[in-house]
Amino acid sequence: MPGPRPANHSLCLYYLEQLKSSFPSIERILHQYAHHSIADYLNTFPEAVHETLQTRQDLYQVLSCMSAPLLGKQVAGNLVADLDKDPTILTVNHHGVDYFSLTFQAGLLFALRKSMSPGRLKTAPIFSCSSISMDNLSFPRGLLLYQSGSITDNWRPQKIPIFPARLKSQLTGLCRPITGDALALTRKNLEHIALQADSASIHSSVLGILDESYSNPENLSLQSYSEQATYLNYTLGQRITKDLTNFPAPVYLDLEAISTGLLTIDLADSRSLAWKCLFDPGLRDTILKYLDGSAACWELGQLKQAAAGCEGPPGDLKCAGTVFFWGVDEKNRRISLYLSRDSCSRLHLIGRDMSGRQWFYPFTEADIMTALEKQELIPSLFLCFLVLAFARGMICVGGIHQSSYLQDMQQRLVGCFNDTPGYKQAASIVSQVPTHTYLDNMIAVASLIDNRYLVPAGPVEILAGNGLCNDDLRKISGVSVQEAHLAALFETVNDLDKSVQPASQKRKELIADYSNLLQSRLALARCGNSQPFTN
């Protein structure tokens, strides 16, 4: 049970302690690095392993084919060259145009880390998860405004939808593209929404984003929202960082699409790690057993019952995961799957969608490759990390959950290799891959409201202030890891158990408390009514 809440000034420190108690990764990072500057902390990231089970050249081929049509051959070439020097990627983010302050600023800090590399890197690769619905907390259906009126007990960022609510159950990676008609409707709605914001510069910033980036013919010609998210994140990032010296460009790419590209290569090669894990019966059965119950993997008991219709809700079982792949129904919603044998001993992935309809996917190399190509199957997080981190040694920089579950996944997988004849070398190599790297829940750029309250800044607020400058970057670099976690409390207290979260009347007090502590420490988005801090 949580202890008694302290009065006023230490309210933010109380909630930081609650986060440390709830999330081992936050406890670990703050225990080791609380008083380190962000710049010093970023310099502690591990170097990549030299020995890998598979070459990274096929990854570079997949990335070049994905990014060149969207961002140009020069950016694609830079991306590949940079990853060859520093095979580190950020995997904190959800795919979509990134307005969510925590993930947006994680991308900014990751680019800062790349800028400090001796290799003169030009890109910061962000592989963002797309196998989640359009209704996730990062609000991929539209824009988020953090400079959105005076602070009240129930203050929240303002949502500007572009996609209609009826599409919120679709997977982000499979959603249709934004159209000119949708943008015209958004502009019309802004005439009413803008009345709720107290800053003309924010309104202008939103219109500028819609007119200069979203309405660009290059963007409107793209075939999916996933492609548009890559294009828009890049173009917005270029505008935000245009005044920074030699600052790497954040490049957002669809994690599951990258992994699908690698799987189409690996499943055609019986020497690859993915093929062995899926089609070597002894290893596959051991993996299914050892990773049962591991976060981001699967709960075999629940999946078996749900797939057979015995009990439990159909469709996307929130706590049960899926075996190797997600199925996709006709409404582009994901389906949890279980691996089963039929009466003829043929393997199938089976599951039930949200309507109770049962789905079957034959479990052969050819059938899976065809289903991946048709987007009837998409790889699970286990397979994404298998082909990227464990097979090719990529360092996947994660957040509060990944920095715990990826280590557990690695340890269990190494156990599988050690207990399966012929895989001792794989166990040794996979065990060396760094899996604990954390870059999450840190805010270093704030938006000032009512000349008193600091709230996280997103791209809208930063663009309203004409982007970032080198002085901002120096200030960001000097913020301590603990200060950055305190500045993120507005968002991160929502991850706590409901019984521990602050009541609505306490949220304004919480913002005031950490604002007083951090008033001269954070970089400020120079937008709207942001003025020097006054008490």
Side-chain angles (χ1 to χ4, degrees), residues 28 32-33 40-64 67 76-92 110-127 248 251 253 255 258-259 261-263 265-266 269-277 283 287 381-398 402-418 420 422-439:
R28 174 178 62 85
Q32 293 180 272
Y33 304 110
D40 286 344
Y41 170 67
L42 294 173
N43 277 323
T44 69
F45 282 19
E47 294 184 0
V49 293
H50 295 293
E51 185 179 15
T52 60
L53 288 173
Q54 293 176 232
T55 178
R56 298 186 183 114
Q57 293 303 314
D58 44 12
L59 169 62
Y60 302 156
Q61 177 185 348
V62 169
L63 294 177
S64 182
S67 57
N78 290 340
L79 179 67
V80 167
D82 291 347
L83 278 174
D84 201 39
K85 297 173 186 174
D86 178 19
T88 305
I89 56 178
L90 183 67
T91 49
V92 169
F110 185 64
L112 175 61
R113 186 259 178 191
K114 292 283 188 178
S115 75
M116 299 187 296
S117 168
R120 301 183 66 85
L121 306 179
K122 297 179 180 179
T123 60
I126 300 170
F127 293 4
V251 177
L253 293 167
L255 171 66
I258 295 167
S259 302
L262 291 175
L263 282 168
I265 296 170
D266 288 355
D269 182 1
S270 62
R271 299 167 298 175
S272 72
L273 183 62
W275 190 96
K276 292 178 184 298
C277 289
L283 180 60
I287 288 173
L381 282 179
F382 169 75
L383 281 184
C384 291
F385 289 119
L386 185 78
V387 297
L388 286 167
F390 303 138
R392 293 169 174 86
M394 301 297 294
I395 298 179
C396 298
V397 181
Q402 182 193 302
S403 56
S404 295
Y405 73 64
L406 190 57
Q407 289 185 80
D408 181 63
M409 191 187 294
Q410 178 186 39
Q411 291 166 4
R412 296 187 189 215
L413 190 60
V414 168
C416 294
F417 294 146
N418 280 324
T420 306
Y423 289 97
K424 293 291 185 182
Q425 183 184 18
S428 176
I429 293 173
V430 169
S431 69
Q432 301 303 312
V433 177
T435 54
H436 65 279
T437 313
Y438 166 99
L439 188 59

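The shown structure was predicted, so the numbers you read here are calculated from the model rather than taken from an experiment.
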Step-by-step side chain to side chain contact (heavy atoms under 4.5 Å, CB included) determination, F390 to M409: CA-CA 10 Å; F390 303 138; M409 191 187 294; 4.1 Å; yes
Heavy-atom side-chain contact between L406 and F385 under 4.5 Å: yes
Distance, nearest 0.5 Å, that separates OG of S404 from CZ of R28: 7.5 Å
Separation between CE of M394 and OG1 of T88, rounded to the nearest 0.5 Å: 7.0 Å
Heavy-atom donor-acceptor pair, E51 side chain to I429 backbone, under 3.5 Å: no
Heavy-atom pair of closest approach, residues I395 and P46: CD1-O, 3.3 Å
Side-chain heavy atoms of L255 within contact of L381, under 4.5 Å: yes
Verdict with reasoning, V92 to F127, per side chain to side chain contact (heavy atoms under 4.5 Å, CB included): CA-CA 8 Å; V92 169; F127 293 4; over 6 Å; no
Side chains of S272 and Q54, donor plus acceptor under 3.5 Å: no
Side chain to side chain, P125 and L83, heavy atoms closer than 4.5 Å: yes
Salt bridge flag under 4.0 Å for residues R271 and D266: no
S403 side chain vs H436 backbone, donor-acceptor pair below 3.5 Å: no
Ionic contact status for D82 with K114, cut-off 4.0 Å: no
Over 12 non-hydrogen atoms of neighbours within 6.0 angstrom of CD in Q425: no
Student check: side-chain heavy atoms of S117 and K85 closer than 4.5 Å: no
Side chains of T435 and Q407, donor plus acceptor under 3.5 Å: no
Straight-line distance of N418 CG to L413 CG, nearest 0.5 Å: 10.0 Å
L283 side chain reached by I287 side chain, heavy atoms, under 4.5 Å: yes
No-hydrogen, no-angle side-chain donor-acceptor test under 3.5 Å, N78 and T123: no
Q410 CD to Y405 OH distance, which is reported to the nearest 0.5 Å: 13.5 Å
Criterion side chain to side chain contact (heavy atoms under 4.5 Å, CB included) on V430 and F417, from CA distance to verdict: CA-CA 9 Å; V430 169; F417 294 146; 3.8 Å; yes
Flag, side chain of R392 to backbone of L59, donor-acceptor distance under 3.5 Å: no
Salt bridge (charged side-chain N to carboxylate O under 4.0 Å, His left out) partners of residues 115-124, not counting sequence neighbours, each pair once: none
Exercise: identify the closest heavy-atom pair between S64 and V80: CB-CG2, 4.3 Å
Distance-only polar pair, side chains of Y60 and D84, donor-acceptor under 3.5 Å: yes
Where L63 and L79 come nearest, the two heavy atoms and their spacing: CB-CD2, 4.2 Å
Option from D58, L263, I265 for which side-chain contact (heavy atoms from CB on, under 4.5 Å) with V387 holds: L263
Closest non-hydrogen atom pair, Y438 against F45: O-CZ, 3.8 Å
Heavy-atom closest pair, residues S270 and K276: O-NZ, 3.5 Å
Residues I126, I89; criterion side chain to side chain contact (heavy atoms under 4.5 Å, CB included); working and verdict: CA-CA 6 Å; I126 300 170; I89 56 178; over 6 Å; no
Closest contact, heavy atoms only, P248 versus A124: CB-N, 4.2 Å
Rounded distance (nearest 0.5 Å) linking atom CG of L439 with atom CZ of F110: 8.0 Å
Y423 and V414, any side-chain heavy atoms less than 4.5 Å apart: no
Rounded distance [0.5 Å steps], OG in S259 versus CG in L388: 4.5 Å
